[in-house]
Amino acid sequence: MSFWFNKKPKIVIAHSSFDIKSLVDEWAEPTDCVWAKNKTELVPALTEANILVTMTLWEPRYLALAPQLKLLQTMTSGVEQYDTEAFRARGVHLASARGVNANAVAEHAIALMFSHARRLWEARDDQRQSFWRKLARDRSERRHEIAGTHVVIVGFGAIGARLATVCLALGQTVTVVRKNLATDSGLGITTVADDQLPQTVEKADYVILACPATPKTRGLVNGSLLKRMKPTACLINVARGSVVVEADLIAALQKGQIGMAALDTFEQEPLPETSPLWSMPNVLITPHCAGDTVAYESRVADILHENVRRLVEGKPLINQIV
């Protein structure tokens, strides 16, 4: 008797633009794969779905609409939108795609750091106005070098580890703030516990947030922490908007308590047009695109392929949540 309700798994890819179906169709194993590009196409496909691969096209009610579902494979590392207890009660596996965009997010953070140091945001604005800016006489407006600066990385998952490696190669001093101090990274970095963050940021030139969104990290960067940062420091957020108290950050930037913020994530997304962040000269904004990479689909497909095999063999899944 087949493990699946039919002889081959019914896989539903739910995303408006990510074409994972073409990659699944190349597998040696037979599959029945469909691509639902919107919720209108997704809902009827749930009836026979054995495996659902999704990102934003998810509603809690879909679990009840998929009686044959055995696995929900997310395309993201975060799983906050899924009711894990409901999955457990139904006996449906839930696995994340943690790590698929580690390189992309780390590189994006590095790009934001270079943009700050070399004032690339200013150059682009000048270009649009056909303005040739003379070299600054004021030291505060001059460009910086990355080498020799101190970067504090908050979070040491796949993204944080990749960041640490690149920052060391750039000649930076690296301090990592993480939960688990028992494991030695072997990278020659300084590692401190979560509760040492306030003291740690005091000497940082760059504070890069690469931690997950959890109840513990919600509001981690608040007015109290920002007051302890150097007035020349730059805060880079490629984690989640909930990690930063946005009102406190805006106030700190307006008062000059920190030099700049480079932000990819926000408390509310899209960032409202009324947000002061849009027009602040010491803020660089990217629209939650740090994880965007042309390699995304293939990496998700690789995890999915392995998890389908493990599911059939009864083995623990990659990034298994439930």
Side-chain angles (χ1 to χ4, degrees), residues 4 8-46 48-59 62 66 69-82 87 92-111 157-163 166 210 212-213 238-240 264-265 269-270 286-312 317-322:
W4 310 105
K8 52 188 176 181
K10 179 81 170 186
I11 301 175
V12 177
I13 310 297
H15 196 277
S16 60
S17 57
F18 283 4
D19 180 11
I20 297 176
K21 172 178 164 51
S22 62
L23 299 171
V24 172
D25 289 343
E26 293 176 357
W27 294 355
E29 305 89 339
T31 62
D32 181 3
C33 185
V34 298
W35 181 7
K37 298 183 179 180
N38 52 56
K39 292 182 178 181
T40 301
E41 296 175 356
L42 174 58
V43 170
L46 291 172
E48 297 181 350
N50 301 137
I51 298 170
L52 174 62
V53 186
T54 187
M55 182 182 286
T56 56
L57 295 181
W58 172 256
E59 295 181 19
Y62 290 168
L69 192 66
K70 293 189 176 230
L71 166 66
L72 190 149
Q73 173 67 62
T74 76
M75 299 184 197
T76 59
S77 57
V79 292
E80 304 88 20
Q81 68 270 45
Y82 303 103
F87 276 82
V92 177
H93 289 278
L94 174 66
S96 77
R98 179 171 52 85
V100 296
N101 59 0
N103 285 340
V105 176
E107 289 176 7
H108 194 85
I110 296 295
I159 295 169
R162 178 61 178 158
L163 268 171
V166 176
V238 290
R240 289 291 186 268
D264 186 59
T265 59
E269 296 180 0
T286 56
H288 203 154
C289 62
D292 184 34
T293 169
V294 293
Y296 205 104
E297 291 96 326
S298 62
R299 289 176 181 156
V300 172
D302 287 344
I303 291 178
L304 174 64
H305 197 181
E306 177 63 17
N307 276 346
V308 170
R309 183 185 68 79
R310 293 188 182 197
L311 189 65
V312 173
L317 308 182
I318 297 174
N319 298 337
Q320 181 169 311
I321 308 299
V322 176

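Sequential numbering from 1 along the given sequence is applied to the chain's residues.
Ala109 approaches Leu163 most closely through the heavy-atom pair CB-CD2, 3.8 Å. Across Pro9 and Ile51, no two heavy atoms sit closer than the pair CB-CD1, 4.4 Å. Across Glu41 and Lys37, no two heavy atoms sit closer than the pair OE1-N, 2.8 Å. Between Val238 and Ala290 the shortest heavy-atom distance is CG1-CB, 4.2 Å. Across Gly78 and Thr76, no two heavy atoms sit closer than the pair O-OG1, 2.9 Å. Nearest approach of Thr265 to Ala239, heavy atoms of both residues: CG2-O, 3.4 Å.
Taking CE of Met55 as the start and CD1 of Ile20 as the end, the distance is 7.5 Å to the nearest 0.5 Å. Between atom OG1 of residue Thr56 and atom CZ of residue Phe18 there is a gap of 9.0 Å, rounded to the nearest 0.5 Å. Here the CG atom belonging to Leu52 is positioned 6.0 Å from the CG atom belonging to Leu46, to the nearest 0.5 angstrom. Rounded to the nearest 0.5 Å, atoms CG (Asn50) and CG (Leu69) are 8.0 Å apart. How far CG of Leu317 is from CG of Leu71: 6.0 Å, rounded to the nearest 0.5 Å. A distance of 4.5 Å separates NE2 of His288 from CZ of Arg240, quoted to the nearest 0.5 Å.
Looking at Tyr62 and Leu72, their side chains never come closer than 4.5 Å, going by heavy atoms from C-beta outward. Contact check for Arg299 versus Asn103: side-chain heavy atoms found under the 4.5 Å cut-off. With a 4.5 Å cut-off on side-chain heavy atoms, Leu57 and Ser16 do not count as touching. Counting only heavy atoms from C-beta outward, the side chains of Arg309 and Glu29 never approach each other to under 4.5 Å. No side-chain heavy atom of Phe87 sits under 4.5 Å from any side-chain heavy atom of Val79. Contact check for Val12 versus Glu48: no side-chain heavy atoms found under the 4.5 Å cut-off.
Distance alone, capped at 3.5 Å, is enough to place a donor-acceptor pair between the Tyr296 side chain and the Met75 backbone. Formation of a donor-acceptor pair under 3.5 Å by the Asn307 side chain with backbone atoms of Ile318 is found in this model. The backbone N or O of Val322 lies less than 3.5 Å from a partner atom in the side chain of His93, making a donor-acceptor pair. Not a single donor-acceptor pair under 3.5 Å links the side chain of Asn319 to the backbone N or O of Ala95. With hydrogens and angles ignored, the 3.5 Å screen pairs a side-chain donor or acceptor of Gln73 with a backbone N or O of Ser96. A donor-acceptor pair is defined here as one N or O able to donate and one able to accept, closer than 3.5 Å; such a pair exists between the side chain of Asp264 and the backbone of Cys289. Remark: side-chain polar atoms of Trp35 are paired, donor with acceptor, to backbone N or O of His15 under 3.5 angstrom.
Scanning for side chain to side chain donor-acceptor pair (under 3.5 Å) contacts around Asp25 gives Lys21, with sequence neighbours left out.
A salt bridge is absent between Lys8 and Asp32: the closest approach of a Lys/Arg side-chain nitrogen to an acidic carboxylate oxygen does not fall below 4.0 angstrom.
Using cut-offs of 30° and 60° on the angle between ring planes, the pair Trp58 and Tyr82 is tilted.
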